[in-house]
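A, B, ... follow the sequence lines: proteins, then strands. Residue 1 opens every chain. These numbers were taken from a predicted model, which means no experiment stands behind them.
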Amino acid sequence: AQRVTQPEKLLSVFKGAPVELKCNYSYSGSPELFWYVQYSRQRLQLLLRHISRESIKGFTADLNKGETSFHLKKPFAQEEDSAMYYCALSGGSYIPTFGRGTSLIVHP
Amino acid sequence: GAGVSQTPSNKVTEKGKYVELRCDPISGHTALYWYRQSLGQGPEFLIYFQGTGAADDSGLPNDRFFAVRPEGSVSTLKIQRTERGDSAVYLCASSLELYNEQFFGPGTRLTVL
């Protein structure tokens, strides 16, 4: 069975502060990890996937197999980063299992 | 170009009624997925189609739920004898192929009174 845990329902920071959205997973095989984002009144969209190893909108995420984590980080938060963030895991089937999401609020 | 569209955007029904939710995927996308998102939770997989056939329906909660994609494009999720617990946002997504990025629709908010 595969499972994704996002321990924080809400993360509140000030503009310019560093951000780390936590994600831990449970999967016996070799996982593929994703971060999805949903801005207010917009649809869910892919932010980044670990195999791409790229930075999107200043966000990065590193897969740590030892700690089974895939935390999302940004060194300086912007107000436009305020959104709902979902971590997701795909096993062999490529059907993602989503975490419950973390609401990020960036205050001016 | 047009993204994934879903109709209706909102549906209110009474317990025991039958509902149909429609999804129009991005043109040319062969894979289509249905998810259910309950309040305070992430999307939960229901079923996915590759072409016209349901390649994986393991997420459907029970036999009241059924989905079709007869021509390999538009899909309809059908829920019989609705229950209050079926209230959720139903999301549809499509991708070029199974292993490609999924593009989500805006969802249909179903409320069962």
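Only one option out of A:L21, A:N24, A:N64 pairs with A:H71 in a side-chain contact (heavy atoms from CB on, under 4.5 Å); it is A:N24. With B:L46 as the partner, the side-chain contact (heavy atoms from CB on, under 4.5 Å) test is satisfied by one option alone out of B:Y33, B:Y35, B:W34: B:W34. Partner A:Y85 forms a ring-ring contact (aromatic ring centres under 6.0 Å, His included) with one of A:F98, A:Y36, A:F59 and no other, that one being A:F59.
Contact annotation for B:Q37: only side-chain heavy atoms (C-beta onward) come within less than 4.5 Å of a heavy atom of chain A. Heavy-atom distances place the side chain of A:I95, and not its backbone, under 4.5 Å from chain B. Residue contact with chain B, scored on non-hydrogen atoms closer than 4.5 Å, involves the side chain of A:R49 exclusively. In this structure, chain B has no heavy atom under 4.5 Å from any part of A:F34. Only the side chain of B:Y48 comes within less than 4.5 Å of a heavy atom in chain A; its backbone stays farther off.
Counted within 6.0 Å of NZ on A:K22, heavy atoms from surrounding residues, nucleotides or ligands total more than 12; the atom is thus considered enclosed.
Salt bridge status for A:E80 with A:K57: absent, with no side-chain N to carboxylate O gap under 4.0 Å.
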